[in-house]
Amino acid sequence: MPFRIRFAAAALAALALALPAAAQKDKDYEPHVGQPGKDVIWVPTPDDVVDRMLRMAQVTANDYVVDLGAGDGKIAIAAAKKFGARALGIEFNPEMARHAQRNAERAGVAGRARIQQGDIFATDFSQASVVTMYLLPALNLKLRPTLLAMRPGTRVVSHSFSMDDWEADEVSSLDGRRAYFWVVPAGVAGSWALEYTGGGSTERHELALEQRYQKIEGSVTLGNLNGGLREPQLRGAHIAFAFVDNRGVRRDFTGRVSGARMEGSFRADNGTEGRWTAARK
């Protein structure tokens, strides 16, 4: 037998022996608490905290949940199994990712929950409606611009660690552990041309909004003065505010933000009702 053929046959035989051994090694892989990862050590989130995180986000079967740093996959699996959601876990360690996918298969949710190997800072998860994570403060801050750029109304839950000066909309405590919850706000800062129609008349004013995450304040131009907004609120894409006009009439506005446009309905305390729109200037 020529040397080259003998060499090729030997290489194929060695590969055939190595593949089952590698597969068995992967199958036998079991993570241990405290093992090092790319950016954090692995410490699993307790089951009761996982449940609270998903309930804080009010996960339903209509949601697409993405868990950043999925570990053994328990959050993605719980989202699929208990709430019927589609779920994706992103895990950097390839052995851990395969182990987590096997956990999903054993839980009977592989059709709805998938764990993929990937870098959370390089993977596109912009289509998620819910994002969960158990990372570290520095990593949360590194992710914060990406999260704030997501679709308004996206819900974000973090085990143990906050987002610094982006205040949480809710903080839950359970057995000494904390879970933080945010709703990604629409971007509304700037000047808007406000128009509202009701009671047979149409009025136009300039609306000025300042924003710090989900907290907003502002004013409306009323002739030669700027009237302050009362009770301005922003939750995801939903906005509400009120002001008192030059006749002493208070109007309460509620609506929805869609890019450079807002629209909704208003009600005045004199009984007038109508519709309003605002376009970014």
Side-chain angles (χ1 to χ4, degrees), residues 56-60 62-66 68 85-86 88 120-133 140-158 163-170 181-198 202-222 226-243 245 251-268 273-281:
M56 289 170 80
Q58 296 180 285
V59 172
T60 72
N62 296 322
D63 281 310
Y64 177 38
V65 178
V66 175
L68 304 180
R86 291 186 304 119
L88 170 68
I120 60 175
F121 296 104
T123 303
D124 179 12
F125 54 89
S126 60
Q127 296 306 305
S129 59
V130 176
V131 177
T132 60
M133 52 193 170
N140 282 11
L141 288 183
K142 187 175 178 180
L143 282 166
R144 191 171 71 179
T146 300
L147 296 170
L148 285 166
M150 294 182 73
R151 184 172 54 249
T154 301
R155 291 100 76 198
V156 180
V157 194
S158 170
M163 295 274 186
D164 197 36
D165 61 342
W166 182 12
E167 294 182 11
D169 294 300
E170 179 193 334
F181 171 76
W182 301 262
V183 177
V184 174
V188 298
S191 297
W192 300 77
L194 172 66
E195 179 178 307
Y196 55 91
T197 301
T202 297
E203 296 197 34
R204 297 176 179 85
H205 304 285
E206 181 175 324
L207 179 68
L209 294 173
E210 297 178 7
Q211 177 177 10
R212 185 169 180 80
Y213 306 115
Q214 71 273 42
K215 297 183 182 299
I216 59 171
E217 59 184 23
S219 62
V220 61
T221 300
L222 302 170
N226 290 329
L229 298 186
R230 298 188 182 185
E231 301 164 23
Q233 296 179 354
L234 180 64
R235 182 175 176 82
H238 297 278
I239 190 167
F241 58 90
F243 64 83
D245 67 16
R251 288 179 171 80
D252 285 83
F253 296 77
T254 58
R256 187 174 180 83
V257 184
S258 180
R261 181 178 174 84
M262 299 189 285
E263 62 180 327
S265 60
F266 78 90
R267 180 181 178 86
E273 297 182 8
R275 302 289 301 175
W276 67 277
T277 63
R280 190 183 292 278
K281 300 180 69 175

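Note: hydrogens, waters and symmetry copies are ignored here, and every other heavy atom, side chains too, is used. Positions are given from 1, in the same order as the sequence printed here.
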Any chance you could measure [X], atom [atom1], to [Y], atom [atom2], to the nearest 0.5 Å?
X      : Y      : atom1 : atom2 : result
Leu88  : Thr123 : CG    : OG1   : 8.0 Å
Ile239 : Thr254 : CD1   : OG1   : 10.5 Å
Phe121 : Lys142 : CZ    : NZ    : 4.5 Å
Leu143 : Ile120 : CG    : CD1   : 4.5 Å
Ser219 : Leu229 : OG    : CG    : 6.5 Å
Arg204 : Thr221 : CZ    : OG1   : 15.0 Å

Are any side-chain N or O atoms of [X] and backbone N or O atoms of [Y], one a donor and one an acceptor, separated by less than 3.5 Å?
X      : Y      : result
Asp124 : Ser126 : yes
Gln211 : Ala186 : yes
Ser129 : Tyr64  : yes

Worked verdict on Arg280 versus Met262 for side chain to side chain contact (heavy atoms under 4.5 Å, CB included)
CA-CA 8 Å; Arg280 190 183 292 278; Met262 299 189 285; over 6 Å; no
What residues form a ring pair (Phe, Tyr, Trp, His ring centres under 6.0 Å) with His205, not counting sequence neighbours?
Tyr196
Sorted by chain and number, sequence neighbours left out, ring pair (Phe, Tyr, Trp, His ring centres under 6.0 Å) with Trp276 holds for Phe241, Phe253
Considering all heavy atoms, the nearest Asp169-Val183 contact:
OD2-N, 2.8 Å
Can you sort out the partners of Lys215 under side-chain hydrogen bond (donor to acceptor under 3.5 Å, both in side chains), two or more places apart, ordered by chain and number?
none
Within the 4.5 Å heavy-atom criterion, are [X] and [Y] side-chain neighbours or not?
X      : Y      : answer
Val156 : Val184 : yes
Val131 : Met150 : yes
Leu148 : Met163 : no
Asn140 : Ser158 : yes
Phe125 : Thr146 : yes

Would you list the pairs meeting salt bridge (Lys or Arg N to Asp or Glu O under 4.0 Å) in which at least one residue belongs to residues 252-267, sequence neighbours left out?
Arg250-Asp252, Arg267-Glu273
Using the side-chain contact (heavy atoms from CB on, under 4.5 Å) criterion, which residues pair with Asp165? Sequence neighbours excluded.
Arg144, Arg212, Tyr213
Go through the structure and list residues passing side-chain contact (heavy atoms from CB on, under 4.5 Å) with Asp245, not counting sequence neighbours.
Phe243, Arg247, Val249, Arg251
Side chains of Trp166 and Gln214, donor plus acceptor under 3.5 Å
yes
Just wondering, more than 12 heavy atoms not from Glu170 lying within 6.0 Å of its CD?
yes
